[in-house]
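Data block below; observations after.
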2 protein chains.
Amino acid sequence: MARKTGSHSDITGPRVRAAAQRLIARHGYAAVSMRQIAAEVGVQAGALYLYTPDKQTLLYDLMRLHMDELLSALALLPEPADPREALQQFARFHIRFHLDRPEAVFIAYMELRNLEPENFAAIEALRRRYEDRLETILRLGAAEGCFVLPDAKLATLALIAMLTGVTGWFRPDGRLSGAEVEAIYADMALKAVSA
Amino acid sequence: MARKTGSHSDITGPRVRAAAQRLIARHGYAAVSMRQIAAEVGVQAGALYLYTPDKQTLLYDLMRLHMDELLSALALLPEPADPREALQQFARFHIRFHLDRPEAVFIAYMELRNLEPENFAAIEALRRRYEDRLETILRLGAAEGCFVLPDAKLATLALIAMLTGVTGWFRPDGRLSGAEVEAIYADMALKAVSA
DNA sequence: AGATTATCTGAACGTGCGTTCAGATCAAGC
DNA sequence: GCTTGATCTGAACGCACGTTCAGATAATCT
C-alpha cells in the first residue's frame with residue numbers, strides 16, 4: 001500500500017505545516033518528533049520529506065511565514081498623523097493579530113533559540129522591522145510632546161512585551177471578548193507612555 | 001578511576017543544579033541532555049542520579065526553588081498603605097529580582113509546559129500567589145480611585161508580562177543600568193493603570 | 001488501456017537519549 | 001592500617017530520534 005486516495009501535494013503540504021504548528025506550539029520544537037507530526041497528518045514520517053528538506057526548515061518556514069504575514073498586515077495599516085492615535089491603532093492591531101493566531105505567535109516568540117544562526121538572523125531582522133514601526137511612533141510622539149519616554153527603545157520593548165503577553169492567558173470562551181481585551185490593552189499602552 | 005579527589009555531595013549537588021540552570025536557560029529543557037549537564041559539571045552522566053531521581057525532577061526543583069525564593073523575598077517587602085507607592089515598589093522589586101536571576105526567571109516562564117501535570121500544578125499555584133499580591137494592590141487602588149482598571153486580573157497579567165519582558169533584552173553591560181531600567185519600568189507600570 | 005509520474009509506505013541507518021548498575025576509588029572513623 | 005560508606009566511572013539497556021530510499025500504489029496523461 002502507498003499513495004492514499006485523493007492525496008495531493010497541495011493538500012498535504014499545508015496540512016504538514018498546520019500539524020507542525022499545532023504540535024510545536026503545544027509541546028515545543030525540541031519535544032515534537034517528525035513521527036508525531038506525521039501521525040497528526042495521517043502519514044508516515046518519511047512522507048514529510050516531500051514537503052520539507054528537514055525539521056529545522058519546517059520550523060523556519062513557519063516563523064518566516066508568520067513574520068511575512070505580520071509585516072504585510074502592518075503595511076496595510078494607515079498611518080495617522082496624531083501619535084496618540086497611531087499608538088492606539090498599533091496596539092489594537094497587535095492584539096487583534098495575535099489573538100487570531102495564538103499558535104504562530106507563540107512559536108515566533110518561544111522557538112527563536114531553536115533556529116540555526118542563519119535562520120535566527122533572518123527572523124530577528126523581520127522582528128526588528130516590526131518593532132521599528134512602534135518605535136517610530138513613540139519617537140514622533142515624544143518629539144511632539146504628547147509622550148514622555150526616558151528611552152524610546154526600552155518603551156518599545158516594554159509595550160510589545162505587554163501586548164504580546166495577552167496570548168499567554170486569553171481564551172476565546174473566557175470572561176472577556178477579544179474586542180474588550182483589545183480596547184483595554186490599547187488604553188493601557190497609551191497611558192503608559194503619555195505625559 | 002572513580003571518586004574525584006576533594007569531591008563532596010555538598011559541592012556537586014549545587015553544581016549540578018547550576019549547570020542545569022545555565023544550559024536549560026540557553027537551549028531549553030528538551031534540547032539539553034543529561035550528558036551535557038554532566039559534562040558541564042565535569043562528571044559522567046550516571047553520577048547525576050546521586051543528586052536527582054530523574055531529569056524531570058531536576059527541572060521541577062529549579063523552578064520550585066526559584067518560586068520559593070521569589071515568594072520569600074516578596075514577603076519581606078513592606079506594604080505601603082498608598083496603592084501608588086505599593087505598585088511602584090512591587091514593580092521595582094519585580095524588575096530587580098528578575099534582573100538578578102535571568103536564567104531562573106527564563107526557565108520559570110518558558111519551561112512550564114515541560115512539567116508533568118502534578119509539578120505544573122504546584123508551580124502554577126505559587127505563581128498565582130505571586131500575581132495575587134499585585135492584583136490586590138491594583139484592586140485597592142481602584143477602590144480608592146487612584147487607579148482606573150476595567151479588569152483587575154487583566155491589568156495584573158499585562159503588567160507582569162511587561163515587567164518580565166525586561167529579561168528578554170537586558171544586558172548588564174548595555175546602554176542602561178539596572179537601576180535606570182527599574183525606575184523607567186516602575187513609572188510606566190504606574191502610569192498604565194493610573195487615572 | 002498502457003505508460004508515466006506524483007505520492008506514500010515500511011524498513012532501515014546511525015546516533016543519542018534517560019536511566020541503571022556493578023565495580024573502582026577516595027575520605028573518614030575506629 | 002583496616003574497614004566502611006560516600007562518590008564516581010564506564011559500560012550497557014532499550015528506545016526514540018531525524019533522515020534516507022527502494023518499492024508500491026493511485027492519479028493522470030496519451
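This one's a predicted model, so the numbers in the text were calculated from it and none came from an experiment. Convention: sequence-line order gives letters A, B, ...; per-chain numbering from 1.
- Taking atom CG of Leu48(A) as the reference point, atom C1' of dT20(D) lies 13 Å away to the nearest angstrom.
- Going from atom CD of Gln56(A) over to atom P of dC17(D) covers 18 Å, rounded to whole Å.
- With sequence neighbours excluded, the residues satisfying side-chain hydrogen bond (donor to acceptor under 3.5 Å, both in side chains) with Thr164(B) are His94(B).
- We find that NZ of Lys55(B) is positioned 12 Å from C1' of dG16(C), with the value rounded to whole Å.
- The side chain to side chain donor-acceptor pair (under 3.5 Å) pairs that include a residue from residues 73-85 of chain A are Arg84(A)-Ser194(A), where partners are two or more places apart or lie in different chains.
- The distance between atom CE of Met34(B) and atom P of dT9(D), rounded to the nearest whole Å, is 14 Å.
- Checking the phosphate oxygens (OP1, OP2) of dA16(D), no side-chain nitrogen or oxygen of Ser33(A) falls inside 4.0 Å.
- Between the P atom of dA11(C) and the CD atom of Gln44(A) lies a distance of 9 Å, rounded to the nearest Å.
- You won't find any donor-acceptor pair under 3.5 Å spanning the side chain of Arg35(B) and the base of dG16(C), going by distance alone.
- Arg64(B) places no side-chain N or O within 3.5 Å of a backbone atom of Asn119(B) that could act as its donor or acceptor partner.
- In this structure, the OH atom of Tyr49(B) is 13 Å from the C1' atom of dC13(D), given to the nearest Å.
- Atom CZ in Arg15(A) sits roughly 13 Å away from atom C1' in dC8(C) (whole-Å rounding).
- Taking the nucleotide of DNA chain C with the nearest heavy atom to each of Tyr51(A) and Ala30(B), the more 5' of the two is matched to Tyr51(A).
- Listed pair Thr12(A) / dC8(C) meets the phosphate criterion, a side-chain N or O lying under 4.0 Å from OP1 or OP2.
- One can place CG of Leu50(B) at 12 Å from C1' of dT20(C), the figure rounded to the nearest angstrom.
- For Gln36(A) and Ala47(A), each mapped to the nucleotide of DNA chain D holding its nearest heavy atom, the one lying further toward the 5' end belongs to Gln36(A).
- Remark: the backbone N or O of Glu116(A) is paired with a side-chain donor or acceptor of Gln56(A) at under 3.5 angstrom.
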